[in-house]
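Source: prediction; values computed, not measured. Keep in mind that the numbers below use all heavy atoms, side chains included, and drop hydrogens, waters and symmetry copies.
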Amino acid sequence: MKMETPTTAKTSIQVIERMMALLDALSSYSDPVSLKELSRVSGLHPSTAHRILNDMVVTRFVDRVEPGTYRLGMRLLELGNVVKSRLSVREAALDAMRALHRKTQQTVNLSVRQGDEIVYIDRAFSERSGMQVVRAIGGRGPLHLTSTGKLFLSVDDVKAIRAYATRTGLAGHTRNSITELARLERELSLVRARGYARDNEELELGVRCMAAGIHDDSGKLVAGLSISAPADRLQEDWLEDLVQTASRISSTLGYRAVPNV
């Protein structure tokens, strides 16, 4: 068996780094790109770029459209679909949830929609959070009384929202609960405008929440990430961290936000 020397290992790493530089360069263009342009963007000598591109053409990571021009290959799509099929929202969110919990020291929830309710599918929390009521993984909550539930309602059309109100009767749990359709519609307008949602002691007295959405590669809202805390302890400066964390999880799932024009 041939042993790998430090020199050959270093060379292998350099080749991988150069391959990645070329793939990153190709990903920046929607049309086929010339060797000259790829060399310029990647910082590689044209002969080096040409040699590596040829190897990637053979392995279908890159397609040669015509002599001297290249684009990303179908092999990347095939591998991406494999990764997507194996990656659940929970797996994508777990490390980010734990990091957010360490920063806030409050309960961080991951929830999805099932019918007229949200279901808590994971949670990062500690006994020191001070929460008196902690909904277990698998627990449920009405859409209109939870911050994540409001996110899901906010992407429904008017007809669907009113059908939800009719089905559920907008039953309340506390004196702060939203139980009138007109008020719910105003609340959902705010959610759409802000890009996040709140629960102001609407599900449980003494507990406030804020939530941001997680989207998949098709742009669909697939989950909500929320921070729950005692009502007098929820801090507004956590909101930016929450939104950024949800955005990172969405990116892991392949979501690319469309910039505002």
For residues 61-71, please give each side-chain donor-acceptor pair under 3.5 Å, one per line with the distance, not counting sequence neighbours.
from: R64; atom 1: NH2; to: N54; atom 2: OD1; distance (Å): 2.3
from: T69; atom 1: OG1; to: E66; atom 2: N; distance (Å): 3.4
from: T69; atom 1: OG1; to: E66; atom 2: O; distance (Å): 3.3

Residues 186-196, side-chain donor-acceptor partners within the protein, below 3.5 Å, at least two apart:
from: E187; atom 1: OE2; to: K150; atom 2: NZ; distance (Å): 3.0
from: S189; atom 1: OG; to: E185; atom 2: O; distance (Å): 3.1
from: R192; atom 1: NE; to: S154; atom 2: O; distance (Å): 2.7

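Listed by first and then second residue, the salt bridge (Lys or Arg N to Asp or Glu O under 4.0 Å) pairs that reach into residues 101-116 are K103-D241, R113-D156, D116-R167, sequence neighbours excluded. Counting only residues at least two apart or on different chains, no ring-ring contact (aromatic ring centres under 6.0 Å, His included) pair has a member in residues 18-37. Pairs engaging residues 146-170 under the ring-ring contact (aromatic ring centres under 6.0 Å, His included) rule: H144-Y164 [sequence neighbours left out]. Among pairs with a residue in residues 14-35, none fulfils salt bridge (Lys or Arg N to Asp or Glu O under 4.0 Å), at least two apart in sequence or across chains.
Residue I249 holds its CD1 atom at 12.5 Å from CZ of R90, rounded to the nearest 0.5 Å. Between atom CG of residue L225 and atom CD1 of residue I214 there is a gap of 5.0 Å, rounded to the nearest 0.5 Å. Distance CZ/R198 to CD1/I227: 10.5 Å, rounded to 0.5 Å. One distance of note links CZ of R75 with OG1 of T59; it measures 9.0 Å at 0.5 Å rounding.
Listed by chain and residue number, P230 satisfy the side chain to side chain contact (heavy atoms under 4.5 Å, CB included) test with D232 (two or more places apart in sequence, or in another chain). Residues meeting the salt bridge (charged side-chain N to carboxylate O under 4.0 Å, His left out) test with R183, sequence neighbours left out: none. In terms of the side chain to side chain contact (heavy atoms under 4.5 Å, CB included) criterion, residue partners of K220 (sequence neighbours excluded) are, by chain and number, D216, S218, V222. Here S147 pairs with A197, D199, C209, A211, S226 under the side chain to side chain contact (heavy atoms under 4.5 Å, CB included) rule; sequence neighbours left out. Legend: residues meeting salt bridge (charged side-chain N to carboxylate O under 4.0 Å, His left out) with E201, ordered by chain and number and at least two apart, are absent. In terms of the side chain to side chain contact (heavy atoms under 4.5 Å, CB included) criterion, S247 has no residue partners (sequence neighbours excluded).
Residues L26 and V41 fail the side-chain proximity criterion, which asks for heavy atoms closer than 4.5 Å. Using a 4.5 Å heavy-atom cutoff, the side chains of M74 and R60 are in contact.
Note: the hydrophobic cluster containing L234 does not contain L205 (ILVMFWY, side chain heavy atoms under 4.5 Å, direct or indirect links). V57 and I16 fall within the same hydrophobic cluster, defined by Ile, Leu, Val, Met, Phe, Trp and Tyr side-chain heavy atoms under 4.5 Å apart, directly or through other members.
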Going through the distances and angles, do N109 and T148 end up as a side chain to side chain contact (heavy atoms under 4.5 Å, CB included)?
-> CA-CA 9 Å; N109 312 287; T148 292; over 6 Å; no
Chi angles and distances behind the side chain to side chain contact (heavy atoms under 4.5 Å, CB included) call for D217, L253 = CA-CA 6 Å; D217 61 330; L253 294 173; over 6 Å; no
Side chain to side chain contact (heavy atoms under 4.5 Å, CB included) between S251 and R256, worked out = CA-CA 6 Å; S251 295; R256 297 293 179 268; 4.0 Å; yes
For side chain to side chain contact (heavy atoms under 4.5 Å, CB included), just list the numbers for L23 and L76, CA-CA rounded to whole Å, side-chain angles, deciding distance to a tenth of an Å, and then say yes or no.
-> CA-CA 10 Å; L23 290 173; L76 291 170; 4.0 Å; yes
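Partner L110 forms a side-chain contact (heavy atoms from CB on, under 4.5 Å) with one of L94, V89, V119 and no other, that one being V89.
Other residues, nucleotides and ligands place no more than 12 heavy atoms under 6.0 Å from the CD atom of E240.
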